[in-house]
Amino acid sequence: MQAWYHCENVYPFVPPDVLDRAESVRASLPNKYCDPGMAADLFQECLDEHLLCDELGVNVVSIEHHSGINSLYGASPMILGILARQTKKVRILSLGTLITVRPDPVRVAEEYATADVISRGRLEIGFVKSGDSEMVSGNANPVGYVERFWEAIDLIQKTLTSHDGPFSWEGKYYTHRHVNIWPPVYQRPHPPMWAATGDPETSAELGRRGMINALVLRGPEASKRAFDTYCAARREAGLPAPGTDRFAYAALCYVGDTDEEGLRVGSKTLWFLNTSLKQAPQMSKLLPGRSPPELTAQNYRSQPKPGTARRPADSLIGITAEQAIARGILCAGNPETVYKQIMDIYDKVGGFGHFIFIGRSGFLDHKEAEKGIRLMAKEVLPRLPAATPTPDIQPAQAAE
Amino acid sequence: MMAGERLMVSGIEIEVVRRGSGRQILALHGFQTIDPDARFLDLLGRYGEVIAPSGPGFGHSPRPKDFDTVYDLVHLYLDLLNALPGDKVTLVGFSFGGWLAAEIAAACSHRLGKLVLVDPLGVKISDRETPDILDIFNKSPDEVRRKSWYDPERYAPDFNAMSDETLVVYTRNREALCLYAWHPYMYNAQLPRWLGRIKTPTLLLWGASDRVVTPDYGRAYSSLIPGSRFELIEAAGHHPEIEQPEVFVERVSRFLEE
């Protein structure tokens, strides 16, 4: 199994009373509450954690979130560029540049190709639909974003796989009359592609395309549903059954020397759920376009009826460590405990080839994060089962 | 709310509410479709036949695939305008529908007898760092409510009291509006240049307490339409037709009789 270290580079140092008063800790919280000096320290620490991963054989993830305490990685391609140069061995996953808020997918493809070349073919490209406050801070229309998502992926894929001179694209959402990026991608036909999603239609399309389906903080049941949908879509399309290499499971995770330490330190990551998810209603449940009006109309009521579409994140706010462990959102304890927790999820889900561990969040500090990474790499990762391949998908090769 | 009458325009099915008889009054809704039980509808129906369509994606009107721009809406309504009987039509546009009405009038004045714009959107007036139009998607629901109504306690929608079906229509209307008008937000940068083409007698009615688009914005808007008249309606916000239906219809009828 591939393990991927995921750190959002959160900024937890805003006074609690400011956060309590704010309508949202994303998109509209003034950036005067972010000290650039402290941000610089955080960047150094988090990038060093990625370098430690490189030493230990743990792959790294560069994520992207905008304008809030939940992440300072808004300019994700810049982080990718640093990781591409400073790491030497491990694979680097962008999960991902938020293509639904980027006006020009060709530019995104150019950034990806550059990172792939700098890293000599270690890049993996993940796509995230985004939504909620990021539509607001990204100035992107939330209605129609799924259609836009797929067109952006199509255009990026076409850009990365075209090598014979300019082509033209006149799509519904994007037009670009002269596409011919330099440098081209290092890996051929293109770096492996992922998407993070739990919604069935998107998982089905990922299945048909053979992309890797990552489930982030969704727990085993929702992940199994997504993976089953993925498999069914491939079956219906006459494609071979996927191996576990097409599935990725992401959870908050901390490995300590003892269960007490693992749980105590790992519980700090719940800050991400309990503090950093607060979004104003107009940027979340009342933002049009996320789900059909029939499912979201109730959100206008002060007491919505059962069955109303909620964002998956809503059910995570206020969760305790015990609940998070029970729901497969958090793995925490000594190496043996964490191994068992991961394998319990693995069995419930039906297997996955990638485990993304969110090993630092909230007030969990750099030293603690590095200890957790070391224990994960040395004591847990070697015991996890190998991924099984998907027959019709060949690994990407370096360009000849 | 029951689905209203259906009308086919250019192969597109739209829901229509009708009231009254006589001269044709085409009424284009704003953020929300026109409530068939709205008092102003009955009052206005005394002065002509009010035809109030729900734009594709709004109300119960389906939205055809790839019908997703203000350009589409304007052309659909131009076709509807041409399909209406009689020589001249009175066009009334509310808020977002006022933007559409202004576009239509700039393109096709010869079919219009009179134009009434009620707290219309659609133009950019102030400098680039001063938004003219309240962002009803990005600002808090409380702020939007406060700035939309003179008397929100009495007139703002009560979501808890709404039927499920009405609430779904409300949500659907917001989704359609967001699709059409998210960017640029609720205006066409080119429109001011062409408002001068409007030859139709035009009345701009404005809620004196409107803070979605303020009366100053309305006065500037009016100055772009040759010969237009600007009038305030007191004790009303962005929806004077709802908060002051009698005054609203009295002003419109007086203008129609001129």
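Worth knowing before you read on, the calculation uses all heavy atoms, side chains too, and leaves out hydrogens, waters and symmetry mates. Below, chain A is the first sequence line, B the second, and so on; all start at residue 1.
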Heavy-atom contact with chain A under 4.5 Å, split by part of D158(B):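 When you check distances to chain A, no heavy atom of D158(B) falls under 4.5 Å.
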Interface moiety of F137(B) toward chain A, non-hydrogen atoms closer than 4.5 Å: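 F137(B) touches chain A through backbone and side-chain heavy atoms alike.
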R301(A) side chain to M162(B) backbone, donor-acceptor under 3.5 Å: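 Yes.
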D68(B) and K172(A), any side-chain heavy atoms less than 4.5 Å apart: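 Yes, at least one pair of side-chain atoms sits under 4.5 Å.
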Contact check, side chains of D164(B) and K305(A), non-hydrogen atoms, under 4.5 Å: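 Touching, per the 4.5 Å side-chain cut-off.
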What part of [X] gets closer than 4.5 Å to chain B, counting heavy atoms only: side chain, backbone, both or neither?
X	answer
E23(A)	side chain
A27(A)	neither
N299(A)	neither

More than 12 heavy atoms of other groups within 6.0 Å of W150(A) CH2: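 Correct, the count exceeds 12.
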Step-by-step side-chain contact (heavy atoms from CB on, under 4.5 Å) determination, N141(A) to H183(B): CA-CA 7 Å; N141(A) 196 333; H183(B) 185 76; 6.0 Å; no
Side-chain H-bond candidate by donor/acceptor type, N160(B) with Q303(A), under 3.5 Å: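 No, no side-chain donor-acceptor contact under 3.5 Å.
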Parallel, tilted or perpendicular: rings of Y170(B) and Y300(A) (30°, 60°):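 Y300(A) vs Y170(B) ring planes: perpendicular.
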